[in-house]
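Before any comments, here is the structure.
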Amino acid sequence: MNLERVPNEEKLNLCRKYYLGGFAFLPFLWLVNVVWFFREAFVKPPYTEQQHIKTYVKRSALGLLLWVAALTTWITIFQHFRAQWGEVADYLSFTIPLGIP
Amino acid sequence: MVVVVATIKSVSFYTQNDGQQLIYTPFREDTETVGQRALNSILNAAIMISVIVVMTLVLVLLYKYRCYKVIHGWLFISSLLLLFFFSFIYLGEVFKTYNVAMDYFTLAVIIWNFGVVGMICIHWKGPLRLQQAYLIMISALMALVFIKYLPEWTSWLILAVISVYDLLAVLCPKGPLRILVETAQERNEPIFPALIYSCKFLELSTASPGQQSEDDGGFTSAWVGQQQQQLGNLQSTEESRREVQQMPSARGVKLGLGDFIFYSMLVGKASATASGDWNTTLACFVAILIGLCLTLLLLAIFKKALPALPISITFGLVFYFATDNLVRPFMDQLALHQFYI
């Protein structure tokens, strides 16, 4: 859909829904929220709902950063220690690389 | 199409013939005589096509009698299946190919995100680019599934027959797709989300509210009617494809998702099985694009819904067989004799 033709209240609504939805383990939704509403929040000339949209975008960005940090940490730990953890790691693994590291 | 080719090349899973076939194609192709094989593939193709026709008719009837709930539910479930299940399998195979370890937790997060955002973008509201991207991705997934699970001759036959059917279904006055499109136009409603891909040119101001902007893909809606274990239900493909071949709205052209799937399937098959490798693939690619341009041209001239498949698929098939059988040996001979043109 094209944001140009959507009235402001609807934009706010959409932004809010995307923000709330992101709490269901959906950092991707937050990313979409940030990218999509970035221009609306920061580049466009101010209008009434813009303040709220800005808060939502900022919070989504914050949540996104937290998730990215957490995931990166977990992935690094996993990849590094996978071989050493033995059975537990195998249980956690979806695919196990073949061959000798 | 690029995605499909890339995947076929790198992930051998999709080209292995592990003997499993869709339940819609019960006849095997690894039989002994050529005649037997031909017969089997014709039967397979016939079954597939009839399934598709039946599903199309069912969809049109549902639409005519305003059973919108049923249709929406159907579309919803199929896109759900596609987004989650198939991408799960796809990711698994990609990781195996690159020999990368992946744990369940990260995988769950990835698939959950991908799936849910996909459902939101396609069936509800989302940025246009993202919606288009999702539609393309699921079309590519479907095409991959087809390539893997349909035996060779059957696929080529199906492609050919589908183009003919497409032509008939859209242009004949009694064709189901035509009825669908006209009914939608009469009622001034958008055709279902999840069946169409729209390339919209951003327009200014006055857009009528009834405009079909929210076309989405969910192609497989028709696809998965009843969930079967196997990747059955091609119907959806047809359905989606059927939905709207092309309909020029005020701006922007809409292309049925099934068209994407079959184009990708053609190119994917070409890259998987051609002896000429890149030459053939490229030739098919170009052929399809040319066909598409021609179809768009015709669309501009006639200004009504047109079937998108026939021209492109015909070109594609012709180029494929021609290149495979004629150009390849020619090039080989040239290289052999070190003779450069």
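Chain letters run A, B, ... following the sequence lines, proteins first, then strands; residues in each count from 1.
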Given a strict heavy-atom distance threshold of 4.5 Å, which part of L71(A) is in contact with chain B: side chain, backbone, both, or neither? side chain

Determine whether F37(A) and Y56(A) make a side-chain contact, defined as any pair of heavy atoms from C-beta on separated by less than 4.5 Å. no

Indicate the ring-plane relationship of F42(A) and F38(A), choosing parallel, tilted or perpendicular according to the 30° and 60° boundaries. tilted

For residues Y18(A) and W36(A), establish whether the separation of their ring centroids is below 6.0 Å. yes

Proximal component of L26(A), with respect to chain B [non-hydrogen, under 4.5 Å]: both

For the pair W67(A) and F28(A), evaluate ring-ring contact (aromatic ring centres under 6.0 Å, His included) and give the outcome as yes or no after the intermediate values. CA-CA 10 Å; W67(A) 262 97; F28(A) 191 34; over 10 Å; no

Whatever's closer than 4.5 Å to a heavy atom in chain A on I110(B) counts as neither

